[in-house]
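Have a look at the structure below before the remarks.
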2 protein chains.
Amino acid sequence: MGAVAGRARGGRGRGAGRGAGGAALSGGKAPGGGRGRRARVTLRQIADEVGTSQSTASRALAGHGYVAPELKARIEEAAARLGYVPDISARTLKGHSSGLIGLLVSDLRNQFYAQLAAGVEQTVAAAGHQVVLVDDHGDEAEAVRGAKAFVAMRAAGVLLAPVGREATELLVGHGTPVVEVDRRSGVRGCDAVIIDSESGAREAVGHLLALGHRRIAVVVDETVWDTGRNRLKGYRAAHRAAGVPLARRLVLDLGLRPDDPRRDVAAFLDANPDVTAVFAANNVMAEAVWQELKRRGAAVPGRCSMVSFDDLTWMRVVEPGLTAVRQPVYEMGNRAAQLLIERIDGGHGRAETRTLRPELVLRGSTAAPASAPGADIGAS
Amino acid sequence: MGAVAGRARGGRGRGAGRGAGGAALSGGKAPGGGRGRRARVTLRQIADEVGTSQSTASRALAGHGYVAPELKARIEEAAARLGYVPDISARTLKGHSSGLIGLLVSDLRNQFYAQLAAGVEQTVAAAGHQVVLVDDHGDEAEAVRGAKAFVAMRAAGVLLAPVGREATELLVGHGTPVVEVDRRSGVRGCDAVIIDSESGAREAVGHLLALGHRRIAVVVDETVWDTGRNRLKGYRAAHRAAGVPLARRLVLDLGLRPDDPRRDVAAFLDANPDVTAVFAANNVMAEAVWQELKRRGAAVPGRCSMVSFDDLTWMRVVEPGLTAVRQPVYEMGNRAAQLLIERIDGGHGRAETRTLRPELVLRGSTAAPASAPGADIGAS
DNA sequence: CTGTTAGCGCTTTCAG
DNA sequence: CTGAAAGCGCTAACAG
């Protein structure tokens, strides 16, 4: 191996008519100059421009090693003038992770996830990283594809909002720090930030029971993840605590991803015209219940009270306002991102789960049941 | 330079007790194996494993050049077994762009942007790329920081939803394909997908005028971007078309980013108790108007009609439903991403702007004005 | 069809 | 304090 391996760098910079103030840019590459994709400005270019070496330029710009103040100033000036922007891939390739943080959600159109994403983005940006967003639309295969993309780009860490085990396992298997949000998959080795679904549901249903309701329906998306399951558990626990017997017929479990939840709610209410209150386990269910109640002209809370788990904008704008279990979603995004960043910055130690407490917000949609006989919400 | 420049690759793979089916992984690196960050699996490793060269492995896995079927199969098997995932940064560094697509929005908590982001994500993912999401919270400096990050990561292209000129110029100056969404900055050289604000507003206000309203207020966020400006323009155009004189006092322009729009609306209504209808120029304004109308117990549409530009979930759930100018937001995200991808895939030619037409959705919040004298919505 | 070679732009020892 | 040199993992000629 010879001594002169590096590319020769003569022929540019160094005295090419820059005597009068360094106005002449080498090759007309001023940012905002020519149209179309120009060659990107590299460290070597600014080094040539200043007449120093790549490594010195690197040190000056990265602020790590020692560089003479005067030289450093000239390098910085050249970098600014040429519009230098360091190339992340090169830096990443060198060994550091990309600084990208993956966020996998299951439905961005749902305000819940949008809020969550907003919270995550805020904290991530404040820490100087970027969010790579993938929406799997509830499709496990998409989630896995997303997870692969995250490891391919050497994401510094990943946040998983409701997705299955497979994606989590893949990531953890590749050594990528993972924080699960809103739900725990049960995969070992990842942190989690969740909301105490059970106690939130218990409180909501307890409120209904305290008002005197005895036939309270619960409408759930699914009971296979811990969110749905724990909300149902809370519903049951509240009944037990109040000494009110449970009736299986009052549980409407839609199984995963129903096409038209409102129709299912309608059929359910037709079959159970005597319910006096409904507990909706999430915002999608709440919307379906609300719409159906409105459609059949059932007065809320006159004929039927209702409580929602999750509190969105529309719930406080409608008349009457919906009594709801408010989840601090945005904050949950903040916290999850925070936890992930701590983990990335060398936080070792055991995986931890942080649990946030939801809060029951009382509004107009709940009241004591009508005592008049026959005041049911049966068939429209 | 000697002939043997590559690192020696003996000592691993090649006959290390793999006779019985290749079960022994070199060094126990099975995905899902040990805890903690393991060394990542590289092309060289799988090449060694199979006993071939890096480039052959590359060709086999990338599907480009020629590789003997049998060898190819063995390479693929090894890759799968070792959990190989190609390193994007290396590929990017080599010259290809990262495949990442930047999306800059100004407020993800606003459902409008969330829907937009969802639409973008869908199309981008379908094209095999990823979305890097940055929310600048309406802060130009943040937007510029985001734009820099996009060029640093060699984003294949960037989508800009309402942000100022500076970020756009920076990106365009670096040769990054840019598509502006919802608003045009006026910077030359970038495509745009927007909604015809003026005609939407004209139609909405025209509807109000046709119902007989003569004192119609308009509430706008800002009139410095083309969105707000064009909606105001539409408001005026409708009046001119109907031969109804314009009154300056009926225009409430909040200037950018007001803290508490509802309070401003309240003051405005106190000062103009004779308005019979309000046109809100976007969803934030609509919420403020709606809340304030409700607060002072003004019947809608009895005392005051209202129309919103932008149609969100809550607007069709409240009673009465809001008459609104529906913008195909999700679709706008799709289209913008589509346009960007076309541009990335070599679409040259002139920058183009695609305009989507909004649609007026009639609901219960608009009716003919009350003819009774003194039926105004003045001070609460 | 397969292997060797030469970098992409950057960071990081390690000598001067 | 500065510069030369060695790669990070991958792709893309170009020889065999």
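Note on naming: letters A, B, ... go to the chains in the order of the sequence lines (proteins, then strands), and numbering restarts at 1 for each one.
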Give a yes or no on whether the backbone of [Y] and the side-chain of [X] come within a donor-acceptor separation of less than 3.5 Å.
X	Y	value
R59(A)	V67(A)	no
R154(A)	S98(A)	no
E121(B)	D135(A)	yes

What's the closest nucleotide to the side chain of [X] if the choices are [options]?
X	options	value
A90(A)	dC10(C), dT2(D), dG7(C)	dC10(C)
P86(B)	dC10(D), dG9(C), dT2(C)	dC10(D)
Q54(B)	dC10(D), dT11(C), dT2(C)	dC10(D)
S55(A)	dC10(C), dC1(C), dG3(D)	dG3(D)
R91(A)	dG9(C), dC10(C), dT11(D)	dC10(C)
A68(A)	dC10(D), dC1(D), dG3(D)	dC1(D)
L43(A)	dC10(C), dT11(D), dT2(C)	dC10(C)
Y84(A)	dC10(C), dG3(D), dC10(D)	dC10(C)

Any [X] side-chain nitrogen or oxygen under 4.0 Å from OP1 or OP2 of [N]:
X	N	value
S89(A)	dC8(C)	no
S53(A)	dT2(D)	no
T42(B)	dG9(D)	no
T56(B)	dT2(C)	no

Could you list the residues that satisfy side chain to side chain contact (heavy atoms under 4.5 Å, CB included) with R335(B), not counting sequence neighbours?
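Result, side chain to side chain contact (heavy atoms under 4.5 Å, CB included) vs R335(B): V193(B), E331(B), R354(B), L356(B).
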
Can you tell if the side chain of I101(B) reaches within under 4.5 Å of the side chain of I344(B), non-hydrogen atoms only?
yes

Side chains of L171(A) and V151(A), heavy atoms from C-beta outward: is any pair under 4.5 Å?
yes

In whole angstrom, give the distance that lies between atom [atom1] of [X] and atom [atom2] of [N].
X	N	atom1	atom2	result
D87(A)	dT11(C)	CG	P	9 Å
L61(A)	dG9(C)	CG	C1'	13 Å
I46(B)	dG3(C)	CD1	P	12 Å
I75(B)	dC10(D)	CD1	C1'	15 Å
M153(B)	dC8(C)	CE	P	23 Å
R44(B)	dC10(D)	CZ	C1'	11 Å

Electrostatic pair E142(A)-R145(A), nearest N-O below 4.0 angstrom:
yes

Can you see which heavy atom on V134(A) is nearest to which on F150(A), and at what distance?
CG2-CZ, 3.7 Å

dG3(C) base to R59(B) side chain: any donor-acceptor pair below 3.5 Å?
yes

Classify the side chain of K94(B) versus the base of dG9(D) as yes if they form a donor-acceptor pair under 3.5 Å and no if they do not.
no

Bend angle of the helix from dC1(C)-dG16(D) to dG16(C)-dC1(D) from five-pair axes at both ends, rounded to 10°?
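Between the first-five-pair axis and the last-five-pair axis there is 40°.
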
Does Y66(A) or I88(B) map to a spot on DNA chain D nearer the 5' end, using the closest nucleotide for each?
Y66(A)

